[in-house]
Amino acid sequence: MWKGRFSESTDAVVRDFTQSLDLDWVLAPWDIAGSLAHARMLGQVGLLEPSEVKTIEESLMVVRDEIASGAFKPDPELEDVHMNIESRLTDLAGPVGAKLHTGRSRNDQVATTVRLFLRDRLLDTAEGLERLMSELLSLAGRHLDIIIPGYTHLQQAQPISAGHYWMAHFTAFSRDLDRLYFALDSLNECPLGAGALAGSTLPLDRFLTASSLGFPAPTRNSLDTVSQRDYMVDYHSFAALFAVHCSRLAEDFVVYSSAEFGWLILPDAFCTGSSMMPQKKNPDVPELVRGKAGQVIGRLVDLLVTLKGLPSTYDRDLQEDKRGLLATLNTVSGILAVLPPLLASVRIDRARARRGMEDGLVLATDVAEHLVSRGVPFREAHAMTGRLVKECIARGKGLLDLSREEWGELLPAASDDLFPDLSLERAVERRTTYGGTSPAMVEGQMAYGEELVARSRERRKKYVRTVTPASPNATETECNQAEGSKTLDE
Ligand code: ARG
């Protein structure tokens, strides 16, 4: 496609080293969608005859079908998905095929193709995240009245509602959802027409191409357009923090399901056994979720390092951007496939969760706050309760085992109205500060959470899908119109 200037053909090693088919062949359906829009625009502005547009359209459909059926085997000699498709188009359409690349460079083409592809995948991701968040909401509803230990420093701190615990993870994921939409908005501008870097002398209508691809607008600066990958960084940033959040949930599962804690029960179908020790039930799924988070963080750093110090505008280094992107998309979709069903069948052993708190030492803050309500300054109340706990430990007793006489002896400042409140239930019920663990507060968080998920479902519909259903393997992708969602392909 660029041989005119050269007097030698490309060395075979160079061909292997520079080709990107192993990365970009999956982008074929999105590349074709971009080419269709470009050809139609060229027709609208008079650079192609209507009959030429028709021939290009029909031939691109044939190429699309050949790729979908697996009949089209890309040729590494042709470097990438873009040149393979154009070359096949020219085979099919004849000389008119050679007109498709009018006013276009692979630099604006690849940016467009990736953005279209990424938009579809991020819409899938948003849907997956909604599913994950919905599972947490329903767990919170089911477990609202279950009391579990709340930990700081992984030491028992205060009793909490299990519903509150699930909503904590929900709340972290709700911020991830915001960041995902930030990435979606960041990619949602059309690069086509930026050309290699400076635009074109031809009368291209960038607004037309943009709107026909479902982009609200074309990008604003052609140099920046072929240079930047901010939208990918935004996606990787979303993914990195999402993976970090998943890893923390996963770590909780590993810890809480171990024999020493033992109150969280993971479904057998999501655990594996040991080849040697017959008693083992290992939390491999959470461990792998935890483990994969490292790679997702690494791929954010990988892209940032690729971009750092890169001269303006397009540089071939940018071809490597797809490696980490595809890998992270797959990691995230893997996590989103496994976590919701795992959550759907996770259980809590109520009795065991309480058993760990039987001594009532987790109620020490409640005792100190009782003293505060009696007018004792908090620091003093803290010290007095601390001495009480120390004495309990010395006598080998829990707070809940003390007789009224012992209370009178050890904490004379306490009054009788402390005792009805000295239970795990009351400790949870009475924490009614906004955002606190009382079931009433958690219900408020859940109602807001339902609203967030419903809002995301609506918000998703405002973005145009190019190819549905989006599949990690483009050769299996069907370009059919999905029911109810906007799609560009016919
Ligand atoms: N395969 C290339 C990529 O993925 C396409 C752009 C190549 N442009 C160029 N000037 N060599 O980035």
Side-chain angles (χ1 to χ4, degrees), residues 136 139-171 252-253 255-265 346-374 376 378 381-382 384-393 395-408 410-411 413-446:
L136 286 166
L139 264 175
R142 291 203 299 278
H143 294 174
L144 192 62
D145 69 335
I146 298 184
I147 299 177
I148 57 171
Y151 306 92
T152 60
H153 311 264
L154 209 51
Q155 309 293 317
Q156 285 193 3
Q158 290 172 349
I160 57 172
S161 146
H164 194 212
Y165 169 76
W166 296 120
M167 288 309 294
H169 287 297
F170 177 96
T171 306
D252 280 354
F253 280 20
V255 172
Y256 299 163
S257 67
S258 75
E260 282 70 18
F261 286 70
W263 51 262
L264 190 84
I265 301 156
V346 86
R347 287 180 301 118
I348 290 179
D349 182 333
R350 285 176 190 255
R352 195 144 178 195
R354 292 181 73 90
R355 213 175 304 145
M357 299 181 282
E358 253 158 17
D359 58 15
L361 290 183
V362 286
L363 301 174
T365 318
D366 299 53
V367 173
E369 287 179 357
H370 165 77
L371 296 179
V372 167
S373 75
R374 307 273 302 155
V376 182
F378 179 72
H382 186 289
M384 288 158 75
T385 314
R387 285 193 292 272
L388 172 73
V389 169
K390 189 174 166 188
E391 194 51 35
C392 281
I393 294 168
R395 295 182 188 187
K397 283 191 162 184
L399 268 188
L400 294 174
D401 309 321
L402 296 178
S403 66
R404 288 295 168 96
E405 291 67 41
E406 284 171 302
W407 277 102
L410 297 172
L411 198 67
S415 66
D416 276 355
D417 52 358
L418 164 65
F419 303 111
D421 284 340
L422 214 55
S423 69
L424 300 178
E425 282 72 23
R426 290 293 292 149
V428 171
E429 269 165 31
R430 293 174 66 238
R431 282 184 163 72
T432 54
T433 35
Y434 183 76
T437 199
S438 80
M441 276 305 128
V442 177
E443 275 173 338
Q445 294 168 38
M446 287 163 55

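Two residues are said to be in side-chain contact when any heavy atoms from C-beta on lie closer than 4.5 Å; Val442 and Leu144 meet this criterion. Within the 4.5 Å cutoff, the side chain of Arg430 has no heavy atoms near those of the Glu369 side chain. Between Leu264 and Ile348, some side-chain heavy-atom pair lies under the 4.5 Å cut-off. Looking at heavy atoms from C-beta onward, Asp366 lies in side-chain contact with Arg431 at the 4.5 angstrom threshold. Side-chain contact check for Leu400 versus Ser423: every heavy-atom pair is 4.5 Å or farther apart. Residues Leu371 and Leu411 are in side-chain contact: their nearest non-hydrogen atoms beyond the backbone lie under 4.5 Å apart. Using a 4.5 Å heavy-atom threshold, the side chains of Tyr256 and Val346 count as separate. Looking at Glu429 and Asp421, their side chains never come closer than 4.5 Å, going by heavy atoms from C-beta outward.
The shortest heavy-atom contact between Phe419 and Ser415 is CE1-O, 4.0 Å. In this structure, Ala414 and Leu418 approach most closely via the heavy-atom pair CB-CD2, 4.0 Å. Across Leu363 and Ala427, no two heavy atoms sit closer than the pair CD2-CB, 3.5 Å.
Taking NZ of Lys390 as the start and CG of Leu388 as the end, the distance is 12.0 Å to the nearest 0.5 Å. For the atom pair CE of Met446 and CZ of Phe170, the computed distance is 10.0 Å after rounding to the nearest 0.5 Å. Note that CG of Asp417 is 11.5 Å distant from CG of Leu422, once rounded to the nearest 0.5 Å. A distance of 8.5 Å separates CD1 of Ile160 from OH of Tyr151, quoted to the nearest 0.5 Å. Note: Asp252 CG to Leu154 CG = 8.5 Å, rounded to the nearest 0.5 Å.
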For a quick test of your reading: what N or O donor-acceptor pairs under 3.5 Å do the side chains of residues 432-439 make, sequence neighbours left out?
residue, atom, partner, partner atom, Å
Thr437, OG1, Ser161, N, 2.9
Thr437, OG1, His164, ND1, 2.8
Ser438, OG, Met441, N, 3.3

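The side-chain contact (heavy atoms from CB on, under 4.5 Å) test with Arg354 singles out one residue from Ile147, Ile148, Asp349, Ile146, and that residue is Ile147.
Crowding of Arg426 atom CZ: a count of heavy atoms from other residues, nucleotides or ligands under 6.0 Å exceeding 12.
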Test log, rule side chain to side chain contact (heavy atoms under 4.5 Å, CB included), inputs Val367 and His370: CA-CA 5 Å; Val367 173; His370 165 77; 5.5 Å; no

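Checked by atom type and distance alone, the side chain of Gln445 never pairs as donor or acceptor with a backbone atom of Met167 at under 3.5 Å.
By the 30° and 60° cut-offs, the orientation of the rings of Trp166 relative to His169 is tilted.
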